[in-house]
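Numbers restart at 1 for each chain; the letters A, B, ... are given by sequence-line order, proteins then strands.
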Amino acid sequence: MSMTDETPGYTALIQAAIDREKDILGPDDAIECADSVDGLVVDGDGTVVDIERDGRAVLGDLVGAYVATAGDVAAFLIARRLENMCDREEVDLPENLAKHM
Amino acid sequence: MSEILAGVGHATDDDSTAAGRRAARAARDDLGGEERIAYAFGSSEYDQAALLGGIEAQLDCPVVGCSTAGEIAHAQSHTESVVVLALAGDGIRPGVGSAPEFAEFSRKAGMEAASAAVDDLDDGPVPTSVSASESGRRRWYPKLLVNAFGPGLTGSKEWALIGVQDALGWAHVSGGFAGDDWKLDSTWVYRDGEPVEDSMAVAAMDVDVKTGVGVANGLRETEHTFTVTSAEDNRLYELDDKPALEAYRDCYGDRVTQEHFLMTHPLGTDDDGEETHIAIMTDVDEETGSMIVGEKPLEEGQELTVMDTSADAVLDGVETAVDRALMAAGGPEDIAAVLVFDCNCRWYHLSNEETRNAELDIVRERVGPDVPVAGFYSYGEIATPNPLWNDDPRSLMRQDVHHQSIAIEVITNESL
């Protein structure tokens, strides 16, 4: 597993999940999903502007929103992207993501 | 009477060697005989060399298989695990072979791997099928049952199977192309216990029992059919005299370039009189409005139909595949083992573990509750069609590589 030197925060992981889904679902649907997550503020390009509650919970809800839209293959594909960014031993990931990493 | 014994082992240990050991030991313990060949299908999350080291430590036989995009064990869907199917008994005599340089010389790799597998039988000329008398008429069965495994992300799958055909003629082939848990980075083929990235591995089994292979996708045609008006090889430039992308956009809007859309709206290319073959669109080029469709050359005037990938259709495909395999195997009552090669893309249509297991429940219902069932989710399925399935002359057209399909191999305990 390749990792960056520093463990990324939840903001970076949430951004990576949105970016991955922009490829998969297309920008409109991916941003709409992100926008529907309570406590997650994104701009028109899908860039994370603010996280207003616990980052782990927001990441879990975001993955849940993508799973609701596209099936659990969405969680699997996001996990594949995120595992290149973080060590699952060091980051407390939400269950719907951790089970795929 | 010839007999085949089968045992399945499955493990989810984090440690690669321990997982390999545990799965192989369970398969061996389940076997009740001296193992003659083993199939291993393991998650790419494992250290592949350590995984195979663990498997080899427990089994005294050739091991073939590959890395996966998910594993199938005891007719259940899994990820990040390893499954081993071991076969024993006097009803099979296996040979294994492999060949490198798959990416650059796919046909040669297929031909050399198949040749090496049959040479390993050390028999000289080998019959690939036999004609058996049944109920006052004759019908043929595979005598040489061939399983092929190739890299999932490089080379030409179609040419590799033509290479197998170069060596073996109309031998019955099934298998799959290796996966890597959707990372689309590197896949491994297990070449007699060693993981390699650029080789094809073939197991050729001289069988004294009836076997059958069935394949289907189940996808149904939608009302959207296009005519190819400009194409070069497998790059599609125009549909209905418009840039291909524009024609597609006219029907479905801007989402046509999304990965999810491309997977859930594949194109049906040609049919075998019973089912439409699937080609997946990749590499959409916004600038030219063109797209790559499958591997085969497209012809002007050819019709391409957008396919319906609803879960119902996908599950119908499983029933068709199993029934075809059972019919090809002579409608057996005594089944020794079943191998399943299932396309990872079907996960887009079967949206969760429950529906994915519904696929395998259908297999289980058809073959019986105690039959060992193992396999993996692949990046392309291999299955030689059996013209017994229908009387449409198009069914004689050979098509060994399939997409968004499920291929089932049934090995019986009923003598030829």
Heavy-atom distances under 4.5 Å only: say whether A/Leu77 touches chain B with side chain, backbone, both or neither. side chain

So for A/Lys22, is it side chain, backbone, both, or neither that comes closer than 4.5 Å to the heavy atoms of chain B? neither

Short question: side chain of [X], backbone of [Y] - any donor-acceptor pair under 3.5 Å?
{"X": "A/Asp50", "Y": "A/Glu52", "result": "no"}
{"X": "B/Lys157", "Y": "B/Tyr379", "result": "yes"}
{"X": "B/Ser310", "Y": "B/Asp308", "result": "no"}

Would you verify whether the NZ or CZ of B/Arg249 falls within 45 degrees of the ring axis of B/Tyr252 while also being under 6.0 Å from that six-membered ring's centre? no

Using the ring centroid of each side chain, check whether B/Tyr190 and B/Phe149 are separated by less than 6.0 Å.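 Here the rings of B/Phe149 and B/Tyr190 have centres that are no less than 6.0 Å from each other.
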
Please confirm whether the ring centroid of B/Phe226 lies under 6.0 Å from the ring centroid of B/Tyr248. yes

Check the pair B/His10 / B/His74 against ring pair (Phe, Tyr, Trp, His ring centres under 6.0 Å), numbers first and verdict last. CA-CA 8 Å; B/His10 177 242; B/His74 306 296; 7.1 Å; no

Contact winner vs chain B - A/Val67, A/Asp23, A/Asp28, A/Leu25, heavy-atom pairs under 4.5 Å: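 With the most close heavy-atom pairs to chain B, the winner is A/Leu25.
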
Within residues 349-359 of chain B, residues adjacent to chain A where the heavy-atom gap is under 4.5 Å: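 Near chain A, by residue number: B/Ser351, B/Asn352, B/Glu353, B/Arg356.
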
Does the side chain of B/Val84 reach to within under 4.5 Å of the side chain of B/Phe41, using non-hydrogen atoms? no

Hey, what do you get for OG (B/Ser290) to CG (B/Leu239), rounding to the nearest 0.5 Å? 11.0 Å

For chain B, find its close neighbours in residues 54-64 of chain A: heavy-atom separation under 4.5 Å, sorted by number, or none.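 Heavy-atom contacts from residues 54-64 of chain A to chain B are absent.
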
